[in-house]
Amino acid sequence: MTTQDPYTLASSAAEYIAAAAGIEAIDIALVLGSGWKGAEDLLGDAVVTLPAEDVPGFTASAVVGHGGTLTVRKLASGAHALILGARTHLYEGLGVAAVAHGVRTSAKLGAKALILTNGCGSTVPEWGPGTAVLLKDHLNLTGTSPIVGANFVDLTDAYSPRLREIAHRVDPNLPEGVYAQFPGPHYETPAEVKMARLLGADLVGMSTTLETIAAREAGLEVLGISLVTNQAAGFAPAPLSHEEVLQAGAEAGPRLATLLADIVKE
Ligand SMILES: Nc1nc2[nH]c(I)nc2c(=O)[nH]1
């Protein structure tokens, strides 16, 4: 549980990364969630790769398949990107500031845009495993916020219409949906998935919404893209398993990598 002021810690992390990469600033940051790892190699050339635990405020994710490095990459366009390969989930118990740390560090590094990817469950029968969905809005069902104090951040258009339009230029067939974040780490009961559906959620996961809130507080444009790895409980023909999640991600990897690289190029 970090006790240092989150914004000061983010500045320390940003200074560390900028020095290690020999750059002044980055233009964009990406969080690669379950199934999106393969995209990194298509995103320009690595400038520096840092073990998460060496960077102030970061920890190597304890979750299998969630990596543990931060990489600065130089894109074909000449822009610099920070790949946050060490997402902290709320269910890891490190506190909500730790969940938002990567986003805040990216903002302190000068990023203007953030691409959040994740793996999730689907409450839409037509959206089976392997479906990529653009986020158009979210339901934060965690009961918390990364923001402390009377800072009433507006979340209208939290998922940038401009960036979604770019994504649709790259792939006009990308569906759009509403993502609900549950605290986890347990999966939802069938009744909870039905509740989420009734509340307007198309997708259910355990990440993203708190990161988006922190990004909007910092003034970053956000693009959220989910990879459906499973039908949510009650919609799935069999009990959920983390192995199924990783398998669906691995299979969709190459297609997602191309999509993400093409969006970043725009
Ligand atoms: N809450 C929740 N999170 C998930 N993450 C993945 I990957 N699949 C799911 C799911 O079905 N529910």
Side-chain angles (χ1 to χ4, degrees), residues 30-40 61-68 84-94 96 98-99 102 115-144 159 174-175 177-213 224-257 259-260:
L30 297 94
V31 177
L32 299 183
S34 304
W36 292 87
K37 288 283 168 291
E40 181 164 348
S61 175
V63 184
V64 171
H66 283 270
L84 291 156
R87 166 183 263 156
T88 295
H89 294 82
L90 190 61
Y91 57 70
E92 294 179 52
L94 300 177
V96 68
V99 171
I115 299 182
L116 290 170
T117 65
N118 61 53
C120 67
S122 162
T123 71
V124 178
E126 296 77 26
W127 296 354
T131 307
V133 182
L134 282 185
L135 302 190
K136 63 180 178 184
D137 207 341
H138 77 221
L139 298 176
N140 171 9
L141 303 182
T142 66
T144 188
Y159 296 91
L174 273 176
V178 175
Y179 175 101
Q181 179 177 358
F182 283 82
H186 55 282
Y187 285 124
E188 297 69 46
T189 63
E192 285 165 337
V193 173
K194 275 187 202 146
M195 171 197 74
R197 183 95 199 117
L198 287 170
L199 293 174
D202 302 300
L203 307 168
V204 290
M206 302 179 196
S207 69
T208 304
T209 73
L210 297 173
E211 290 149 288
T212 296
I213 293 166
I225 321 178
S226 288
L227 165 66
V228 172
T229 63
N230 59 276
Q231 288 289 354
F235 289 74
L240 305 182
S241 76
H242 193 53
E243 293 65 34
E244 164 195 324
V245 160
L246 294 179
Q247 175 64 25
E251 285 163 5
R255 179 166 50 82
L256 298 175
L259 168 67
L260 206 48

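We count ligands from 1, going down the list as the structure has it; atoms in each ligand are counted the same way. Worth knowing before you read on, the calculation uses all heavy atoms, side chains too, and leaves out hydrogens, waters and symmetry mates.
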Could you tell me whether some N/O pair between E188 and ligand 1 is separated by less than 3.5 angstrom?
yes
Using a heavy-atom cut-off of under 4.0 Å, does the side chain or the backbone of A233 touch ligand 1, or both, or neither?
neither
Smallest heavy-atom separation, W36 atom then L227 atom, equals NE1-CB, 3.5 Å
Are any of the N/O atoms on N230, whether in the backbone or the side chain, positioned under 3.5 angstrom from an N/O atom of ligand 1?
yes
Contact atoms of ligand 1, heavy-atom distance to G121 under 4.0 Å
8 (N), 9 (C), 10 (C), 11 (O)
Who are the side chain to side chain contact (heavy atoms under 4.5 Å, CB included) partners of D137, not counting sequence neighbours?
V178
So, for S207 and N118, which heavy atoms are closest and what is the spacing to 0.1 Å?
OG-CB, 3.6 Å
Of the backbone atoms (N, CA, C, O) and the side-chain heavy atoms from C-beta on, which set of V204 has a member under 4.0 Å from an atom of ligand 1: side chain, backbone, both, or neither?
both
Checking T117 side chain against V31 main chain: does a donor-acceptor pair fall under 3.5 Å?
yes
Let me confirm one number: the OH-CG distance from Y179 to L134, rounded to the nearest 0.5 Å.
14.5 Å
Listed partners of T189 passing side chain to side chain contact (heavy atoms under 4.5 Å, CB included), at least two apart
A191, E192
Answer yes or no for G184: is there a heavy-atom contact with ligand 1 below 4.0 Å?
no
Which bit of N118 gets closer than 4.0 Å to ligand 1, counting heavy atoms only: side chain, backbone, both or neither?
neither
